[in-house]
Amino acid sequence: MNILTTNNLTKYYGTEPLLVKALDGISLEIEQGSFTAIVGTSGSGKSTLLHILGGLDTPTSGSVCVDGQELSGMGKNELAIFRRRKIGFVFQNYNLIPNLTVYDNIVFPVELDGRSVDEEYLTVITGTLNIGDKRNRKPKELSGGQQQRVAIARALAAKPAIILADEPTGNLDSHTSQEVIGLLKTTSEKFHQTIVMITHNDEIAQSADRTIRIEDGKIVESRW
Amino acid sequence: MHLDKNNNNTIIYRIAKSNLIAKKMSSFFSMLSILSAITFVSTLSLFLIGTQTAEKNILESMQHVMYTNVTKEQIQHMASDERMERCDSYKALEKTFQIQNVKYRLYYHENYAESMKKNISVEGKEPKTYDEILVDRAFMQALGREPILGADIDLDIGGEPQKFTVCGYTDGNNSTATYAINVSEVFAEQGPLMKNLPYTALVRIHDIIDAPASTFATIAYQIAMDYGIERSNVYLNGKFEESLQKGNSGIYTILFLSVMLFVASSIVIYSIFYLSVTSRIQQIGQLQTIGMTEKQIKQMIHREGLLLSVLAIPVGLFLGGIISYILIPDGWTFQNFGITALIISVLGILVVQLSVRKPASIASKVSPIEASKNVGTATKQKFQGGHKILTPYVLARIENINNCKKWWFTTVSLALGGIIFMIGATWIASWDAERYIRMGQFENSEYYISYLYDHSAPKPYGVTEFQLTGHLGNVLENSIRKIPNVKDVYIEKMVFGNIEYKGTTFLQGFYLLSAEDTTYYQLPAKGNNSYDYMVEHDAILITESTFSEKINGITFDTGDKITFRYFDGEEHTVELEIAAVSTESVNSYVTTNFCIADKTAEKLWNAMNTALSFSISVEDYEKSGEQVETALRTLLDDYADLSLATLRETKIEMSGQMSEYTIQIYGISIFVILFSIFNLINTVVSGIVNRKKELSMLESIGMEERQVRNMLLWESFFLALPNILITLTLGTIAGFTFISWMQKSASYLEYHFPIIAVVLYIIGMTSIPMLISLACLKSQTKISLVERIRNED
C-alpha cells in the first residue's frame, strides 16, 4: 500500500526569463514500511521535494497525498497539526530543543497533540536507539550521534505515517553515519515505519530499500 | 614573543564595528539608553546652571543698595569710596503720564546704558542735553512710531507738551504697563518736575557676592552712617540679599538625579551586552580558535561600548543643549554648555565602560571547545524531578528557568523603575490638596488680610510703618465680625526691628508670646525660656536657631545682649537679653522664630497697634464663602494699604502648581521606567530573534502558531510578573516610608495607596512584553517556514 503519492509536483521560483524550476513534474509513490533514499547533487531539488512532502512548503502545482490525506488546501495550522501527527522529521542539525531534556524532546510532539505518551513504546524506541540511559540529559551534553538518535526517537514517538530525514548524517563522521543509517533501517523494519531520507551520498543511499535520483527537479532514476 | 602586543587596534575596531552592525537591534537599544541618559542629565544640568546664570546676570546689573534723599555731593563722595563698585545718581518721578493710552514715567539714571548693558542692548547714546531722552523700542512701537534715532516726540509732562529727541533705544521692556523715559542730568537738575526731587544713590558694593547676607546688610548700613544717611533711607535689594542666603541645593539635585539615571542606564546596558555576548558564544569561540586572545576579546567588547558611546553621547548632548536653551535662553551660555558637555561625556563613557566590563570578562572566558559544541542558549537547569506535560505554559516556564540571568537583569531594572514610580505615585496620591492649600495662613481660616508690604523691597523697620496707621485695628475688626457667617477673626501680632549682634545687622520680626503659649515654654532649649523670665528680663527666645544662624552667619548665645533698634514713630535703641535658644520649633503658622513676651513688647511699643494680619474663618465656607468675600472686598475698598488673600484664589493658583508638580514627579518616574522598558523590549525582542530557528523548528515538528504564540505570551507574563510583585511590595513599602519621612516637614501628606497608578502600571508592564512578542512573531511568520529553518543565525 502506498503511504505517500505525489502527482506532477512542481515548484517554481521567480518569473521568465529568470524562472527557477526547483521541481519540475515529480510524480512518485512510496510504499508503506519502505526505506527510500532520494539522492541528487546539490541544487537538484531533493530538499525542496522533502519540504513539500512534509507540508513545510507548498508546491506551485501538483498534489501530495500522505496517508490518504491531500495536503494542498490545508491551512497553516492544519499542516502543523498534520505534521505532528503524521510526519516525523529528522534534520541534519538535529534541531533538538536545547532547554528540554532528552525525554522531553522525544515526547514533545505527542504532548503537543494533547495525547498521552505510550511509555512502553517509548522504552522500546530508546532501547533500540541506545539512549535509554540519557533521558534526563540535555542535548548539549550529548555527542552529535547521540543527538541524532534522540531526533530519530522524537520522529518515531508520535507513530507517524512517514519519517522524513533531511541529510541525517550530514554533520556526522563516517562511523557514526553508518551507525545512524543502520538505526534508521532497523527502526524501519522493526516498527514497519516508512522512511524517506535525502542524501547526496550514494554510499549511504545504498542502505535504503529504494533509491530515487533527482536531477534538475526531475526524477531521473528509481531503483530498488 | 608577546603575541597580544601586535598592532591590531585597527582590526579590533573593525570587528567591533561589524559586530554592532550585525546586531542592529541590541546596538539600537544600547544607543537609545545612553542617549536618553545623556539627554536628561545634560538638560537638567544646563537648566539648573542656566537658571543660576540668568539670575546672576540680572543681579549683576542691579544696584545692591539704594540710598534715598541724598545730595549730589554725597553721591560724588560715595563714588570715590573704595567700598563702592559703582555709585550712580538717580531720580524717579512718581507721577505717571499718558499719551495715546500709553503710560510712561520719567527717570534720570546716571550711566544707565553702561550699568544695564549686560541685560539689554542699547543703541545710540545716553541723553546729555535737556531735551534728549533714552526710551525702549517697545515704547515707540506702542505709539505706532518707527524707532529711529533722532526721532522727535512730543510728550505730555503735566502742562504744555514738551518736545524731546530720542537719542537712544533699549531693547528690554516688551511687556510692561508703564514705560520708562530716561532723561538727561540737565533735565533732572533743571526741569520743573524733577529739579526739587532729592537724589537717590544706586550703589553696588565691591566684592560682596560671596559674603553672607548679614555682612552685606552691615556694610550697607555702615556706609549710610559714614555719609550721614539715615537708616530709614537705606533700601537693601531684597533679591540680591536673598541670593546671598541661598545654598547650593541645586547641585545636589543634579547629582542625585544623575546618579539615579546613570545607574538605571548602566543596568540596561549591562543587560543588553550580556545578552549580546551570550547569544554569540559560537562566534567568540571561533575568534578564539583562529587566534584572538582573551585580552583582545575584552578589548573588542569594550570597543563596542566605546563606539556606541561616541555615537550616542554627542547626539544626547546636542538634544540636551537644544531643550535647555528652549527652557532657559537667558541663562544659556556656550561656556556652561562646553563645561557641562565635557563632564557628562567623560562620565557617560566611564559608566558605559563599567557596564560592559563584566560581559567583556564573560566573553573572554568562553572556551573555543565549549563554543563549538554550543547547542542553543540553554543554561544549566536543576533537575526538577518528574516530567510535566509540555504545554505552552510549561515550555514558557522552562524557558524562563533556563534563562534566569536574563530574567534577573530585566526584573532588577524593571523593579528599580517600578519602585521609583511607586514612590512618585504614592506621593501624588497622598497629597491632600485641601490640606496643602490650607498650609500656613489658611490653616484655620479662609481669608487673610495683611498690609501691602513688598518683601523684595524691605523697609528699614519692616511692616512697622504700616502698623502705625492702625488700619488693622478694632474698627476694621468689628466691621468684619458683623458680616453674616463670619465665625472668628484671629489677629496675628508681630513687631519688627533691626538686630545688631556679633558684628551683623539684620531686620527681624518677633512673635508676641502670651502666658498661654505654653508650647513655646515647653520646648527643649538652652537657657531659661519661661514666660516670667522673659518678661522680667526683657529677654527674647529664639527657636529653630540653626536656620537663623545659617542665614546670618553667627551663633546665638544665651545670656548675650542684642542691640535692638525699633521704630514707633521715633527711632529707639534698647538691649535685649537672649533668654533661650532652641533648635526645635513650634509647628504653627507663625512666620518668625524670634519671640518676645507681649508685656515686653507693650513696654517698648506702648499702645502702638502691632497687628500684622487678620485671619478670618467662616461658617460653612462652601455655602457662605462668596457672600463673605464680597463683603470683605467692599470693606477693604477704604483701605488702600491692605490686601486680601482668599482660600479660593489660593486654590486656583495652587492647582496650577500642583499640576506642575504632578507632571514633574510622574515625568521623572516615567523617564526612569523608560530605561527599564528599553531593557524589557530588548530582552523580549532579542529573545525571540535569537530563537528564530528554534521557533521555526517547533513549528516544523507540529507546534501550531497559536501554541507558539501562547508560549511566548506566557514567557512575557513570567518576565513581567516578578517585577510587578516586587514593585507592589517593595514599592509600597518604599512609598509608605517616603511619605512617613516627608510628613515631618509636609503635614499636607496623608498616606494613600495609589490604586489607579498601580493598575495602569500593571496593565502597561504586562501588555508591553505581550504586544512586542506578538509583533515579533508576526514579523517572523511573514517569512516562509522553510526559509526560516534554512537560514543560519
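A, B, ... follow the sequence lines: proteins, then strands. Residue 1 opens every chain.
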Spacing of B:L390 atom CG and A:D113 atom CG [to the nearest 0.5 Å]: 13.0 Å
B:R357, CZ atom: more than 12 neighbouring heavy atoms under 6.0 Å: no
Counting only heavy atoms closer than 4.5 Å, note whether B:S700 contacts chain A via side chain, backbone, both or neither. both
Residue from A:Q92, A:R154, A:R85, A:E141 scoring the most non-hydrogen pairs under 4.5 Å with chain B is A:R154
Taking atom CD of A:E120 as the centre, report whether more than 12 heavy atoms of other residues, nucleotides or ligands fall under 6.0 Å from it. no
Using non-hydrogen atoms and a 4.5 Å limit, figure out which bit of B:Q707 sits close to chain A: side chain, backbone, both or neither. side chain
Check the pair B:V786 / A:T48 against side chain to side chain contact (heavy atoms under 4.5 Å, CB included), numbers first and verdict last. CA-CA 9 Å; B:V786 167; A:T48 308; over 6 Å; no
Strictly less than 4.5 Å between heavy atoms, which residues of residues 55-83 of chain A line up against chain B? Please order them by number. A:L56, A:D57, A:K76, A:N77, A:A80, A:I81, A:R83
What part of B:T781 gets within 4.5 angstrom of chain A, counting heavy atoms only: side chain, backbone, both, or neither? both
Student check: side-chain heavy atoms of B:L395 and A:L100 closer than 4.5 Å: yes
From A:N95 CG over to B:I701 CD1, what is the distance, rounded to the nearest 0.5 angstrom? 8.5 Å
Looking at side-chain heavy atoms only, is the closest gap between A:F89 and B:M697 below 4.5 Å? no
Looking only at A:I97, A:V117, A:I87, most heavy-atom pairs under 4.5 Å shared with chain B are made by A:I97
